[in-house]
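See below for the structure under consideration.
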Protein chains: 2
Amino acid sequence: MSRPTMETVAERAGVSRALVSLVMNNSSKVSEAKRQAVLRAAEQLGYRPNLHARNLAQARTKTLGMIINDIHNPFFAEVVYGVEAAADDYGFDVLILNGGRDAERERRAVETHLQFQVEALILVGPKLDDDDIIRASAVVPTVVVASGRDNPGADTITTDEERGAALAVQHLVELGHTDIVHIDGAANISSRARSRGYEKAMRSLGLEPRILRGGDDEADAEAAIVNLAETDSMPTAIFAFNDLVAAGALSTLEAAGLRVPDDVSVVGYDNTFIAELNHMSLTTVNQPRHQMGQLAIRTVLERIEDDRTEPTRIDLAPTLSVRRSTAPPRKA
Amino acid sequence: MSRPTMETVAERAGVSRALVSLVMNNSSKVSEAKRQAVLRAAEQLGYRPNLHARNLAQARTKTLGMIINDIHNPFFAEVVYGVEAAADDYGFDVLILNGGRDAERERRAVETHLQFQVEALILVGPKLDDDDIIRASAVVPTVVVASGRDNPGADTITTDEERGAALAVQHLVELGHTDIVHIDGAANISSRARSRGYEKAMRSLGLEPRILRGGDDEADAEAAIVNLAETDSMPTAIFAFNDLVAAGALSTLEAAGLRVPDDVSVVGYDNTFIAELNHMSLTTVNQPRHQMGQLAIRTVLERIEDDRTEPTRIDLAPTLSVRRSTAPPRKA
DNA sequence: TTGTAAGCGTTATCAC
DNA sequence: GTGATAACGCTTACAA
């Protein structure tokens with residue numbers, strides 16, 4: 001009834017357990033005859049190695065633990081693909097646990113991964129605080145992806161988000177805009193850097209920044225814009241914290257009878273597939289997600305295999321994807 | 001250097017290894033004094049149980065393996081949350097592997113999960129063929145979520161997609177449409193059922209079905225509609241295979257100077273957050289994804305704990321989410 | 001090239 | 001209550 005083990009295979013093939021092990025790990029020092037016999041026996045029995053036993057016997061697990069802030073968020077999916085592709089190349093399995101936008105859940109996920117003896121932790125857009133990350137990285141190599149802040153003890157793969165925001169501002173200014181409002185990400189982890197980038201860029205161009213409190217979804221954008229319409233003047237361009245907020249801006253503006261980009265230009269951030277949708281066609285700041293994923297793997301591998309111990313930080317360059325939500329202002 | 005084990009903790013606490021085990025599994029038959037001593041020692045050493053050792057020693061792993069067709073697809077995320085919530089309730093860990101829209105990758109993922117000795121397999125929108133599923137379900141309880149076809153040997157949690165398509169048609173007909181085109185999902189797994197539902201509903205209402213070959217993304221919709229415009233007449237309503245195809249229809253129609261819903265109504269399928277975006281506001285067929293996830297867990301648990309052996313199939317009822325992409329035809 | 005045997009970190013079954 | 005001791009399924013010297 002229970003699953004066949006090496007023992008079973010060994011008996012069937014008329015060899016010792018150790019020999020079966022050698023065959024399974026395709027050692028070169030096994031005679032072709034026995035190898036065939038073992039493989040045949042394994043095949044017939046439907047033998048499947050027990051990873052727990054293997055991991056216990058060996059020092060290592062060849063397994064990496066990844067925690068994704070929110071599996072809903074399409075931004076992270078691309079990072080995952082990058083991570084998986086690279087991990088494949090190096091023969092590592094990647095176990096995914098969903099953080100569910102909740103620090104407590106993430107903490108439990110870290111714990112689960114550690115109990116599984118993963119060789120490294122890859123945290124994608126984590127909600128964890130510094131202490132959590134310090135604690136984790138004291139146990140296994142840890143790399144944080146897509147969270148601009150400094151992560152003590154851990155490696156960091158991110159993009160320069162101040163620069164990303166500056167790209168957005170530059171683009172709008174080049175089009176002729178001077179009255180550009182930023183709807184920020186409120187408590188979101190990347191919000192600070194993006195706002196700062198916006199503000200610096202505006203000032204360095206001699207323009208007055210205007211920052212509205214936003215958030216990370218459509219409703220937040222709506223609230224911000226309604227508030228803007230009531231208490232202040234409508235700008236000719238809006239730079240939103242992310243694509244979803246930009247999407248909210250789009251519909252709120254249109255509901256108010258304003259055309260995008262004719263009356264108001266809108267720029268998003270993240271280049272998620274929302275921005276790509278033809279019907280939205282959002283100009284947005286792009287982060288090289290796939291590459292970020294790959295670098296995450298490379299980085300932890302340097303710790304695992306080459307035992308680097310100094311924390312590393314890689315700041316990739318964001319780029320701007322120009323689409324149809326931006327245009328010169330009505331009258332320059 | 002290496003991580004502390006029960007042995008280490010036992011020494012430190014001045015007890016036997018077995019006693020530590022009892023404490024860790026909070027057995028009632030341990031004196032309070034020793035319990036405290038053990039816990040303190042574990043705390044100080046940063047002891048963490050080794051799941052591989054535990055899983056090896058015990059018969060079971062309390063772990064479930066989930067494979068997601070494509071982590072990009074927001075439709076699946078919701079299912080994942082349902083699965084996780086229910087699994088939590090029953091004290092199971094859920095390991096996620098990404099199928100990457102590729103049958104071969106999924107096959108490897110199944111293999112990995114089996115080697116990890118998961119107690120059940122949850123396949124969300126799998127690309128695997130019948131044989132793969134038969135093979136898997138011969139080894140562990142397997143439940144297939146969100147794939148309408150019959151899955152021999154496995155349990156199935158799905159919605160009645162024929163019915164979903166019929167809901168879309170009914171809605172359009174009630175609005176007054178008679179000329180309704182369906183853009184299908186081509187080779188996609190759910191395409192057959194949805195097309196069939198559309199066709200039956202049309203015929204039963206005395207209307208002539210027109211089915212265009214589509215696919216599962218925006219470009220497919222564009223191709224279908226351009227083709228339609230060139231070789232045939234434009235209908236007053238389009239029922240698309242899914243939301244993304246519907247989104248493609250939206251932009252292609254508007255690019256052609258047609259207004260939605262004034263000139264053409266559009267209905268999607270899946271109620272992903274694309275449909276929810278205010279700016280898209282797609283009428284679409286909804287599947288109770290969270291509930292599907294929960295039922296998946298319940299179903300496999302019946303096999304694991306109550307050892308049911310007969311395959312089960314649950315067909316949930318889809319519903320229609322009416323938004324702003326549908327309206328009565330121009331002149332009824 | 002093959003087999004023997006020890007050990008990986010737990011749990012579980014006994015005695016004490 | 002507590003502590004030996006034998007599994008669990010595999011890898012890995014070391015012998016043969």
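These values consider heavy atoms only, across backbone and side chains, with no hydrogens, waters or symmetry-generated copies. Lettering follows sequence order; numbering is per chain, from 1. These figures come from a predicted structure and were not determined experimentally.
- Donor-acceptor pairing under 3.5 Å is recorded for the side chains of B/E84 and A/N98.
- B/L22 has its CG atom 9 Å from the P atom of C/dT11, to the nearest Å.
- The separation between A/N50 atom CG and C/dC8 atom P is 18 Å, rounded to whole Å.
- Counting distance only, with no hydrogens placed and no angle test, the side-chain atoms of A/R17 and the base atoms of C/dT4 include no donor-acceptor pair under 3.5 Å.
- In plain terms, the two heavy atoms of A/D129 and A/R107 that are nearest each other are OD2-NH2, 4.4 Å.
- Taking atom CG on B/L56 and atom P on C/dG7, their separation rounds to 17 Å, with Å as the unit.
- A side-chain contact (heavy atoms from CB on, under 4.5 Å) with A/I96 is found for one member of B/V80, B/V94, B/L95, B/I96 and no other, namely B/I96.
- Considering CG of A/L295 and OG1 of A/T156, their distance stands at 12.5 Å, rounded to 0.5 Å.
- Heavy atoms of B/R48 sit under 4.0 angstrom from primed sugar atoms or phosphate atoms, though from no base atom.
- Among residue pairs with one or both ends in residues 134-146 of chain A, those qualifying as side chain to side chain donor-acceptor pair (under 3.5 Å) are A/D132-A/R135; sequence neighbours excluded.
- B/S31 comes within contact range of the sugar-phosphate backbone alone, with a heavy-atom separation under 4.0 Å but no base atom that close.
- Nucleic acid contact for B/N25: sugar-phosphate only, since backbone atoms but no base atoms lie under 4.0 Å from a heavy atom of the residue.
- A 4.5 Å side-chain heavy-atom check between A/V30 and A/V38 finds every atom pair outside the cut-off.
- Computed from coordinates, the B/L19 CG to C/dG9 P distance equals 19 Å when rounded to whole Å.
- Between B/Q58 and B/R35, the one whose closest nucleotide on DNA chain D sits nearer the 5' end is B/R35.
- Using cut-offs of 30° and 60° for the angle between ring planes, the A/H52 and B/H52 rings count as tilted.
- Of the listed nucleotides (C/dT2, C/dT11, C/dG9), C/dT11 has the atom at the smallest distance from the side chain of B/R54.
- Spacing between atom CZ of A/R60 and atom C1' of C/dC8 amounts to 16 Å, rounded to whole angstrom units.
- Map B/S28 and A/H52 each onto its nearest nucleotide of DNA chain D; the residue landing nearer the 5' end is B/S28.
- A/V20 comes within 4.0 angstrom of no nucleic acid atom, judged by non-hydrogen atoms across all strands.
- Taking a heavy-atom distance under 4.0 Å as the criterion, the stretch of DNA chain D touched by chain B extends 5' to 3' from D/dG1 to D/dG9.
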